[in-house]
Amino acid sequence: MGDDEYLYDDYPTGEGAADEEAVVNCPYCGEVVVIALDPGGGGEQHYVEDCPVCCRPWQVSLHYDEEGRAEIALGTEE
């Protein structure tokens, strides 16, 4: 069995699936944007993503609860 077959074991796709996108406000320019989420990356994730409007980097902290709902906090690198 390949690694991809285990990708969504914790948060399966379909009914009751984990969030795969979120609406956030850029901490720099304040623009409202939609970001893609990867439930297969685990229940706790930390990564850098650039704002699609002002191109400044965010520190993204993502936590999935037991129902697969994403809780997101954005920080700045300054």
Side-chain angles (χ1 to χ4, degrees):
M1 208 180 297
D3 289 338
D4 290 343
E5 294 180 42
Y6 296 105
L7 188 61
Y8 292 98
D9 282 351
D10 290 335
Y11 307 107
T13 56
E15 182 106 24
D19 292 342
E20 293 183 347
E21 64 180 23
V23 176
V24 298
N25 291 78
C26 174
Y28 294 104
C29 69
E31 190 71 29
V32 176
V33 297
V34 177
I35 61 172
L37 305 177
D38 179 13
E44 294 286 334
Q45 300 176 33
H46 304 279
Y47 56 92
V48 175
E49 183 164 330
D50 292 340
C51 175
V53 177
C54 71
C55 301
R56 297 185 71 186
W58 310 325
Q59 296 287 334
V60 180
S61 294
L62 167 63
H63 168 78
Y64 280 103
D65 67 14
E66 295 81 29
E67 285 82 38
R69 288 185 300 249
E71 299 170 7
I72 299 169
L74 299 180
T76 63
E77 291 194 334
E78 295 177 351

Discussion item. Grouping I, L, V, M, F, W and Y whenever their side-chain heavy atoms are under 4.5 Å apart, do V23 and I35 come out in a common cluster?
Written reply: no
Discussion item. If we ignore hydrogens and angles and just use 3.5 Å, is the side chain of Y28 paired with the main-chain N or O of W58 as donor and acceptor?
Written reply: no
Worksheet item: Shortest non-hydrogen contact from P27 to G75?
Response: CG-O, 4.1 Å
Worksheet item: Once you round to the nearest 0.5 Å, how far does CZ of R56 lie from SG of C29?
Response: 9.0 Å
Discussion item. Quick check on E21: does its CD atom have over 12 non-hydrogen neighbours (other residues, nucleotides or ligands) under 6.0 Å away?
Written reply: no
Fill in: Test item: L74 and V60 side chains (from C-beta on) under 4.5 Å apart, heavy atoms
yes
Fill in: Short side-chain to backbone donor-acceptor contact, Y64 and D19, under 3.5 Å
yes
Identify every side-chain donor-acceptor pair in residues 46-53 under 3.5 Å, counting partners at least two apart or on other chains, and give the distances.
{"residue": "H46", "atom": "ND1", "partner": "S61", "partner atom": "OG", "Å": "3.1"}

Worksheet item: Does any non-hydrogen side-chain atom of L37 lie less than 4.5 Å from one of I72?
Response: yes
